[in-house]
**Q** 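Pasting a structure below so you can have a look.
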Amino acid sequence: MKETSLVGVNMKTWVTSDLHLGHKNIIRYCHRPFKSLPEMNITLIKNWNQYVSRYDHVYFLGDLAFAKHGILGEWLRRLNGHITFIKGNHDVSDHVKFELTKFIKYKGISFFLIHNPKYVPVEWEGWIIHGHHHNNNLERYPFINFENKTVNVSVDVTHYRPVDMDYIAKRIYRGY
């Protein structure tokens, strides 16, 4: 058996949410630019794998798919990276381990990871990375809201791909 070395592998950390694989109505609801459900599913998986390597870590912040376990399992096998799943309001699975929230510190910045920012404790003073709102209220939930210290990583806001945490940290430190 050949030993695999990770020396020199540039591992990254990514965040994303709201793929809604298998959910036909999300195309209309969020004005997604796809002509069909298969086109959406294929494009979202392709975009994910174009950016995320098999060694990377992904925090997925909810609403993965509307699917039976067999189909869900097939989609999960096709996604690169080591994935931590935060439960979204549409996530139902006995086979995926979901967390409700996650606290991380990245490049010196404290982040609260959650699907719906409505449920962040009022005493939290750090940054919030969330999904749930898609592109439906961009005035209040743009990609980055510096006033409210929120980052909306719904694929409908992030060009249908995951976002590198290095990019988020740089934007926060620069203030734009």
Side-chain angles (χ1 to χ4, degrees), residues 10-21 23 25-34 40-41 43-53 55-65 79-91 96 98-176:
N10 184 15
M11 292 182 272
K12 293 185 170 208
T13 301
W14 302 86
V15 287
T16 190
S17 78
D18 299 297
L19 291 181
H20 286 270
L21 296 169
H23 184 190
N25 288 336
I26 202 72
I27 296 170
R28 181 177 38 83
Y29 177 67
C30 292
H31 310 288
R32 291 185 175 183
F34 306 111
M40 180 185 78
N41 293 339
T43 301
L44 291 173
I45 291 167
K46 181 179 136 220
N47 288 355
W48 177 301
N49 290 335
Q50 181 179 347
Y51 291 93
V52 177
S53 82
Y55 302 109
D56 292 347
H57 189 93
V58 180
Y59 290 101
F60 186 81
L61 305 185
D63 290 355
L64 179 65
L79 295 173
N80 286 343
H82 304 280
I83 307 168
T84 298
F85 293 97
I86 306 295
K87 188 169 179 50
N89 57 303
H90 293 291
D91 289 317
V96 175
F98 291 106
E99 298 184 37
L100 296 178
T101 62
K102 189 84 173 171
F103 301 94
I104 65 169
K105 194 160 199 150
Y106 192 86
K107 304 269 176 146
I109 305 169
S110 296
F111 292 100
F112 190 103
L113 308 181
I114 192 166
H115 180 65
N116 187 341
K118 170 182 174 181
Y119 299 112
V120 173
V122 292
E123 63 273 7
W124 178 254
E125 295 181 2
W127 280 83
I128 301 159
I129 301 180
H130 68 88
H132 186 66
H133 289 285
H134 298 267
N135 55 359
N136 295 316
N137 188 353
L138 290 174
E139 188 172 304
R140 183 161 182 203
Y141 299 106
F143 173 57
I144 295 182
N145 183 322
F146 286 93
E147 183 179 331
N148 294 330
K149 294 171 67 174
T150 61
V151 182
N152 178 358
V153 295
S154 171
V155 294
D156 302 294
V157 176
T158 65
H159 307 288
Y160 306 98
R161 64 177 189 85
V163 180
D164 185 346
M165 283 296 295
D166 286 337
Y167 178 74
I168 292 172
K170 283 179 192 174
R171 293 275 312 262
I172 289 171
Y173 279 123
R174 291 180 183 161
Y176 63 88

**Q** Please check: side-chain N/O of Asp18 versus main-chain N/O of Val155, any donor-acceptor pairing under 3.5 Å?
**A**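 Checking the backbone N and O of Val155 against the side chain of Asp18, no donor-acceptor pair under 3.5 Å is found.
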
**Q** Ser154 and His133: side-chain donor and acceptor closer than 3.5 Å?
**A** no

**Q** For Asp156 and Arg32, run salt bridge (Lys or Arg N to Asp or Glu O under 4.0 Å): C-alpha distance rounded to whole Å, both residues' side-chain angles, the deciding distance at 0.1 Å, then the answer.
**A** CA-CA 7 Å; Asp156 302 294; Arg32 291 185 175 183; 2.6 Å; yes

**Q** Rounded to the nearest 0.5 Å, what separates atom CG in Leu100 from atom CG in Leu113?
**A**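 If we round to the nearest 0.5 Å, Leu100:CG and Leu113:CG are 12.5 Å apart.
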
**Q** Which distance, rounded to the nearest 0.5 Å, do you find between the CH2 of Trp14 and the CG of Asp166?
**A** 9.0 Å

**Q** Would you compute the distance between atom CG of Asn152 and atom CD1 of Ile129 and round it to the nearest 0.5 angstrom?
**A** 11.0 Å

**Q** What is the distance from atom SG of Cys30 to atom CG of Asn136, rounded to the nearest 0.5 Å?
**A** 4.5 Å

**Q** Please round to the nearest 0.5 Å and tell me the distance separating atom OH of Tyr59 and atom CD1 of Ile83.
**A**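 Tyr59 atom OH to Ile83 atom CD1 measures 12.5 Å (nearest 0.5 Å).
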
**Q** So that I know where these two stand, are His115 and His130 an aromatic pair - ring centroids less than 6.0 Å apart?
**A**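 Ring centroids of His115 and His130 are no less than 6.0 Å from each other.
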
**Q** Taking side chain as C-beta onward, heavy atoms only, is His20 less than 4.5 Å from His134?
**A** yes

**Q** Do the side chain of Asn47 and the main chain of Tyr160 share a donor and acceptor less than 3.5 angstrom apart?
**A** yes

**Q** If only side-chain N and O atoms count, and only distance matters, is there a donor-acceptor pair under 3.5 Å linking Asn80 with Tyr55?
**A**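 Checked: Tyr55/Asn80 side chains show no N/O donor-acceptor pair below 3.5 Å.
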
**Q** For the backbone of Thr150 and the side chain of Asn145, can you confirm whether one donor and one acceptor N or O come within less than 3.5 Å of each other?
**A**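 No, because the side chain of Asn145 does not come within donor-acceptor range (under 3.5 Å) of the backbone of Thr150.
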
**Q** Got a second to check how far Lys102's NZ is from Phe85's CZ, nearest 0.5 Å?
**A** 13.5 Å

**Q** For Lys12 and His57, indicate whether the former's side chain and the latter's backbone hold a donor-acceptor pair under 3.5 Å.
**A**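 Such a contact is absent between Lys12 side chain and His57 backbone.
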
**Q** Check for a donor-acceptor pair, side chain of Thr158 on one end and backbone N or O of Arg161 on the other, with a separation under 3.5 Å.
**A**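 The answer is yes, because a donor-acceptor pair under 3.5 Å joins these two groups.
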
**Q** One pair to check against side-chain contact (heavy atoms from CB on, under 4.5 Å): Ile114 and Leu61. What are the steps and the verdict?
**A** CA-CA 6 Å; Ile114 192 166; Leu61 305 185; over 6 Å; no

**Q** For His82 and Asp56, which I'm curious about, is there any donor-acceptor pair between the side chains at under 3.5 Å?
**A**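 Looking only at side-chain atoms, Asp56 and His82 do not form any donor-acceptor pair under 3.5 Å.
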
**Q** Compute whether any side-chain donor of one residue and acceptor of the other, for Asn89 and His132, lie under 3.5 angstrom apart.
**A** yes

**Q** Quick one: does Phe60's side chain get under 4.5 Å of Thr16's, heavy atoms only?
**A**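 In contact.
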
**Q** For the pair Asp63 (side chain) and His90 (backbone), establish whether a donor and an acceptor sit closer than 3.5 Å, ignoring hydrogens and angles.
**A**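 A pair under 3.5 Å: yes.
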
**Q** Please verify the inter-ring angle class for Phe112 with Phe103; under 30° counts as parallel, over 60° as perpendicular, anything in between as tilted.
**A**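 Correct class here is perpendicular.
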
